[in-house]
Amino acid sequence: MPDTKENHDELTEPQEPAKDAAKPEAPEPAQKHADKHASKSDSAKKPLPTVGLPVFIVCVVAAVVVGVLCGHFLLGGGSTSFSLNGTTKLTSDQLDSTIAEYTYDGKTNKVTAREVLAQNGSVDKFADSDGNYTVPAATDVISYARNQIVLDAAGNQNITVSDDEVDQYANKMFGSSDYSQIASQYNIDEDTAKDTIKQSAVMSKLRDSVVSTQVPDKPTAPTKPADGAEDTPTADYAQYIIGLAGDEWDADNNTWKSQDGDYAKALASYEVKSDSATYAAAQAAYYVAQSKYSTASSQISSEWTAYCNELLSKATIQIGSLAV
């Protein structure tokens, strides 16, 4: 397959990410609305996702680290310093061959087939019956380079994560920081699992450092009462509403601080006291909280996409062979 060095203005416009992409009930990996108290003991109660780990990480990145896998990224022109001579297959001793180069922040970085394959799991699983490997697709090469650029940006800001932070992040994502268990679930080696999670944790930490919007905790819907009790006011529903409303509630006077608040307006037709509220009122409060959460998440997505697009707009990539 001949070398391809076409010039393009840009690959794609930023795509709108999924708001809650494929995650177990505990991430948002790195999301502030995730269960911040998940522990290893919880893992027995929470089945791990069934998608491949790197695919799961990408979904999480789409939701939490929006923009890493989309945005402006120029294809460089000119001659490359490498060539695959039209081959579409690599032997095991060719996995460290350079198949692309990307330039960012004045530094050119070589990309090997092994590095690109490894981002999708254990390299060995990509071998065919003859022990050879298909040259990675251009989209996978670009995905790898984009992630590395964001990780480089984190490194430039001296953003790192400790082992404890990686464990905390894994707990948020999977309800467990048992990497051998996670690796086994996805049929990859333990080091790959931990490295993938660590990179996502770093990107999440970078995101938190560059966006200004704060995401509130993701609200949990109120528990529906037993049949026949839907209209019975309870203290539990009252406290649920007050907990969501936060500063909008005046505890001293047992009412809303202002009738102009979001919760006060939404619950204007319900009677809410500190010890008395109905399920219907709790539902109305939940819808307000969910709307606030979605709005904040969208704003973070926009801020993070803009940041990453700024990074990627300064980068170029040259791919020696495009296998699609």
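From a predicted model like this one, the values you see are computed outputs, not experimental measurements.
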query: Can you list the steps and then say if Glu165 with Lys205 is a salt bridge (Lys or Arg N to Asp or Glu O under 4.0 Å)?
result: CA-CA 10 Å; Glu165 288 175 312; Lys205 198 170 184 178; 3.0 Å; yes

Does [X] reach the side chain of [Y], with side-chain heavy atoms less than 4.5 Å apart?
X      : Y      : answer
Tyr104 : Leu311 : yes
Trp304 : Val210 : yes
Thr112 : Ile99  : no
Asn109 : Gln148 : no
Leu95  : Val123 : yes

Flag yes if more than 12 heavy atoms outside [X] fall under 6.0 Å of its [atom1] atom; otherwise flag no.
X      : atom1 : value
Glu271 : CD    : no
Asp231 : CG    : no
Asp247 : CG    : no

Closest non-hydrogen atom pair between [X] and [Y], with its separation:
X      : Y      : result
Ala118 : Thr192 : O-CG2, 4.2 Å
Ala100 : Val141 : CB-CG1, 3.5 Å
Thr98  : Glu101 : CG2-CG, 4.3 Å
Gln181 : Ser176 : OE1-OG, 3.2 Å
Ala296 : Pro216 : CB-CD, 3.7 Å
Thr278 : Pro233 : CG2-CG, 4.0 Å

Backbone N/O of [Y] and side chain of [X]: donor-acceptor pair under 3.5 Å:
X      : Y      : value
Asp250 : Asp252 : yes
Ser298 : Ser294 : yes
Asp140 : Pro136 : no
Ser184 : Ser180 : no
Ser209 : Leu206 : yes

Between [X] and [Y], does at least one N-O distance fall below 4.0 Å, as a salt bridge requires?
X      : Y      : value
Asp128 : Lys89  : yes
Lys257 : Glu248 : no
Lys265 : Asp260 : no

Hey, are [Y] and [X] close enough side-chain-wise for a donor-acceptor pair under 3.5 Å?
X      : Y      : value
Asp164 : Tyr169 : no
Thr213 : Glu303 : yes
Gln94  : Thr91  : yes

- prompt: Under the salt bridge (Lys or Arg N to Asp or Glu O under 4.0 Å) criterion, do Lys314 and Glu310 qualify, and how do the steps go?
  reply: CA-CA 7 Å; Lys314 299 175 182 177; Glu310 178 66 18; 3.5 Å; yes

Between [X] and [Y], is there shared hydrophobic-cluster membership here, with clusters defined by ILVMFWY side-chain heavy atoms closer than 4.5 Å?
X      : Y      : answer
Tyr287 : Tyr279 : no
Ile241 : Tyr293 : no
Tyr237 : Tyr263 : no

- request: May I have the step-by-step check of side chain to side chain contact (heavy atoms under 4.5 Å, CB included) for Asn147 and Met203, ending in yes or no?
  value: CA-CA 9 Å; Asn147 281 316; Met203 288 189 282; 4.0 Å; yes

message: Run Val111 and Val116 through side chain to side chain contact (heavy atoms under 4.5 Å, CB included) and show every step you take.
response: CA-CA 7 Å; Val111 178; Val116 177; 3.4 Å; yes

Steps toward side-chain hydrogen bond (donor to acceptor under 3.5 Å, both in side chains) verdict (Asn254, Ser274): CA-CA 6 Å; Asn254 195 26; Ser274 61; 3.1 Å; yes

field: Full working for side chain to side chain contact (heavy atoms under 4.5 Å, CB included) between Val166 and Ile197
entry: CA-CA 7 Å; Val166 176; Ile197 293 170; 4.2 Å; yes

Rounded to the nearest 0.5 Å, what separation is found between the [atom1] atom of [X] and the [atom2] atom of [Y]?
X      : Y      : atom1 : atom2 : result
Tyr179 : Lys194 : OH    : NZ    : 5.5 Å
Gln290 : Gln283 : CD    : CD    : 13.0 Å
Thr295 : Ile300 : OG1   : CD1   : 12.0 Å
Asp105 : Asp152 : CG    : CG    : 8.0 Å
Leu267 : Gln259 : CG    : CD    : 10.5 Å
Ser92  : Asp130 : OG    : CG    : 12.0 Å

task: Measure up the Trp256 and Trp249 rings against each other and bin them: parallel (under 30°), tilted (30 to 60°), perpendicular (over 60°).
output: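 Answer is perpendicular, since the angle exceeds 60°.
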
query: Below 6.0 angstrom between ring centroids: does that apply to Phe126 and Tyr133?
result: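 No, ring centres 6.0 Å or more apart.
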
message: Going by ring pair (Phe, Tyr, Trp, His ring centres under 6.0 Å), name the residues that satisfy it together with Tyr240, two or more places apart in sequence or in a different chain.
response: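 Here no residue qualifies.
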
- prompt: Ile142 and Ile319: side chain to side chain contact (heavy atoms under 4.5 Å, CB included), yes or no, with the steps?
  reply: CA-CA 9 Å; Ile142 292 170; Ile319 303 176; 3.9 Å; yes

